[in-house]
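Taking it in order: structure first as C-alpha cells, then the write-up.
Residues: numbered from 1 along the sequence shown.
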Amino acid sequence: MSRIAKTVGLLGTIAALAACDGEQPFSFNNPDDSTDPAVPDPGAGTPAGVPAELARNLSNVSYNANSGVLIVDMQSLDSGDPDAQTMIRRAGIDEGTYDAYTFQDDAFDRFVLAYAKQTPDNAVQGVLAVDGGQFTKYFGGGYYSNDSSVYTQPTSGLVSYAGDYVAITNISAPAPSQLITPPSGASPDILPGEPIIITGDIFINADFSDLEINGGVFNRQLEQLDGATFPTLVLLPVYLTPTTIEADGTFLGDVEDVEQSVVGTYGGTFGGSNASGLAGTLYLDRGFTDAFDNEEETGLFVLVQCGEPGDSALCSGANPL
C-alpha cells in the first residue's frame with residue numbers, strides 16, 4: 001500500500017497524511033501492469049504501437065476530436081460496460097489546449113478523468129485517462145497515434161515542438177469538486193478519490209539528420225480540478241533524454257530528474273507532412289518534490305511543429321524546418 005510519508009502544507013493547511021490502517025490514504029499504488037498489452041488500433045488513424053509501460057491499463061481508445069466523442073476501454077473497474085466506456089465531455093475543467101472528460105457510475109465507484117487532443121491538421125492525437133484511486137489502488141495510462149497515410153519524415157534538419165502539458169497524478173485532492181455527492185453518513189474509507197493534476201509547458205527538439213529527439217517539461221505545478229494550486233510546493237523540471245526516432249516516426253526513451261536519475265519513461269509519434277505534429281505520453285514513478293513519497297504521474301503532450309500553423313508562443317525564436 002503506497003502512502004505519502006511526509007506532511008505537507010495544502011491550501012494553507014498542514015495536513016498529516018494517512019499512515020495507519022483504516023484511514024483514507026492520500027496516495028495510491030499502481031497495480032502490477034508489467035504484462036499489459038500495447039493499445040490496439042481504435043479505428044481512428046493508425047496507432048503507433050503504444051508500449052505496455054505507457055499504455056499500462058488502457059487496452060483500447062477511440063477519439064473523434066470533431067464530434068468530441070471519447071471512448072475508453074480501461075482494465076480498471078471503471079464501469080459496468082465489458083467493452084468500453086463513453087466518457088462525458090466536461091468543458092468546464094478543460095486544461096489549456098486539452099479537452100477534459102470524466103466518468104463515474106455512482107458515488108461509490110471510481111472517478112475516471114481523461115484529457116484528449118488532436119493537432120489542427122489531424123496528423124496526431126493523444127489521450128490520457130486515469131482514475132482517482134480507491135481501496136489504495138488506481139488505474140490509468142496513456143495513448144497516442146498518427147495517421148500514417150499522411151506521414152512523411154524530413155530527411156534532414158533540426159526542428160522544435162512546444163506547447164502546454166497536462167498530467168494526472170496518484171494524489172487525491174484534499175477538496176474534491178467533481179465527485180458525485182455520496183449519501184449522508186457514507187464512510188470516507190470506501191469512497192473514491194479525485195486526482196490532483198500537474199500542468200506545465202514542454203519543449204522538444206528533434207534532429208531528423210541524426211534521427212534523435214530530446215526535450216524537457218518545465219513550469220510544472222500541482223492543481224486541483226477547481227483550479228486551486230499549491231504554491232508552496234515547487235515541482236522541478238524533468239527531462240526527456242536523447243533517444244532514437246524510428247522510421248515510422250515513433251520513439252521511446254527515459255525521463256530524468258534534475259539530478260540525472262531516471263524517474264520514468266516517455267514515448268510518442270510524429271505525424272503529418274514533414275512531421276508537422278507530435279503526440280506522446282510519459283509515466284513517472286517519482287520526481288515531484290521532496291514533499292512526497294511514492295508519487296506517480298501520467299502525462300500527455302500533443303504539439304504542433306514550430307513554424308507550422310497553430311504552433312505555440314513558446315516557439316518564439318525557434319527556427320522552422
Side-chain angles (χ1 to χ4, degrees), residues 1-10 17 19 25-34 36 50-57 126 128 130 133 137-138 140-142 144 160-172 195-207 210 212-223 230-246 250-268 278 280-301 303:
M1 179 181 299
S2 174
R3 285 176 168 70
I4 300 173
K6 301 177 181 179
T7 58
V8 59
L10 298 177
L17 306 180
F26 198 69
S27 176
F28 300 88
N29 260 333
N30 185 50
D32 181 8
D33 49 31
S34 59
D36 282 354
V50 180
E53 59 263 49
L54 295 175
R56 292 163 55 225
N57 304 115
L128 166 67
V130 181
K137 299 294 186 286
Y138 85 105
Y144 49 83
S160 299
Y161 299 79
D164 53 345
Y165 167 86
V166 65
I168 304 174
T169 76
N170 64 331
I171 307 172
S172 289
I196 289 176
I197 65 173
I198 290 177
T199 60
D201 297 309
I202 184 168
F203 194 95
I204 289 175
N205 282 328
D207 185 342
D210 296 325
E212 284 200 325
I213 181 175
N214 65 180
V217 186
F218 57 103
N219 291 335
R220 292 153 43 83
Q221 70 171 7
L222 288 169
E223 184 178 319
F230 308 93
T232 61
L233 297 181
V234 176
L235 303 191
L236 298 176
V238 294
Y239 301 104
L240 315 181
T241 62
T243 195
T244 299
I245 302 171
E246 304 294 343
T250 62
F251 51 88
L252 182 68
D254 292 332
V255 182
E256 291 185 350
D257 62 15
V258 295
E259 297 177 348
Q260 300 184 55
S261 297
V262 174
V263 294
T265 303
Y266 78 100
L278 167 64
T281 66
L282 59 78
Y283 171 64
L284 308 182
D285 59 9
R286 57 195 178 280
F288 289 10
T289 168
D290 289 342
F292 295 104
D293 292 324
N294 305 314
E295 71 274 25
E296 298 178 12
E297 170 182 348
T298 306
L300 175 66
F301 50 95
L303 311 172

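Put simply, CD1 on Ile245 and CD on Glu212 are 8.0 Å apart, with the number rounded to the nearest 0.5 Å. Once rounded to the nearest 0.5 Å, the distance linking CG of Asp201 with OH of Tyr165 reads 11.5 Å. Taking CD of Glu295 as the reference point, atom CG of Leu284 lies at 9.0 Å (rounded to 0.5 Å). Annotation: the span from Asp285 atom CG to Thr298 atom OG1 amounts to 10.5 Å, rounded to 0.5 Å. Separation of atoms CG (Asn170) and NZ (Lys137) is listed at 11.5 Å; rounding is to 0.5 Å.
Between the side chains of Glu296 and Tyr283, at least one donor N or O lies within less than 3.5 Å of an accepting N or O.
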For this session: Would you please test Leu54 and Leu252 for side chain to side chain contact (heavy atoms under 4.5 Å, CB included) and show each step?
Result: CA-CA 10 Å; Leu54 295 175; Leu252 182 68; 3.9 Å; yes

For this session: Under the side chain to side chain contact (heavy atoms under 4.5 Å, CB included) rule, what do Leu128 and Ile168 come out as? Steps first, then yes or no, please.
Result: CA-CA 8 Å; Leu128 166 67; Ile168 304 174; 3.8 Å; yes

For this session: Decide yes or no on side chain to side chain contact (heavy atoms under 4.5 Å, CB included) for Ile213 and Leu240, but give the supporting numbers first.
Result: CA-CA 8 Å; Ile213 181 175; Leu240 315 181; over 6 Å; no

Exercise. Can you check side chain to side chain contact (heavy atoms under 4.5 Å, CB included) on Val238 and Tyr266, steps first, answer last?
Worked result: CA-CA 11 Å; Val238 294; Tyr266 78 100; over 6 Å; no

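Applying the side chain to side chain contact (heavy atoms under 4.5 Å, CB included) test between Arg220 and each of Ile202, Leu235, Leu236 identifies Leu235 as the sole match.
With sequence neighbours excluded, the residues forming a side-chain contact (heavy atoms from CB on, under 4.5 Å) with Thr244 are Glu246, listed by chain and number. Asp207 is linked by a side-chain contact (heavy atoms from CB on, under 4.5 Å) to Leu158, Ser209, Asp210, counting only residues two or more places apart in sequence or in another chain. Shown here are the side-chain contact (heavy atoms from CB on, under 4.5 Å) partners of Ser160, two or more places apart in sequence or in another chain: Phe203, Asn205, Cys306, Ala318.
A pairwise comparison of heavy atoms in Pro51 and Tyr144 identifies CD-OH, 3.2 Å as the closest pair. Here the shortest heavy-atom pairing between Ala206 and Tyr161 reads CB-CE1, 4.1 Å. For Tyr239 against Asp257, the heavy-atom pair with the smallest separation is CD1-O, 4.0 Å. Pairing each heavy atom of Ala167 with each of Gly299, the nearest pair is CB-CA, 3.6 Å. Taking each heavy atom of Glu256 and Val263 in turn, the nearest pair found is C-CG2, 4.0 Å. Taking both residues in full, the closest heavy atoms of Glu53 and Thr265 are given as CG-CG2, 4.0 Å, listed atom of the first, atom of the second, then distance.
Here the side chain of Thr169 pairs a donor or acceptor atom with the backbone of Ile196 at under 3.5 angstrom.
In this structure, Val217 and Ile198 have side chains that are not in contact, with every pair of non-hydrogen atoms separated by 4.5 Å or more.
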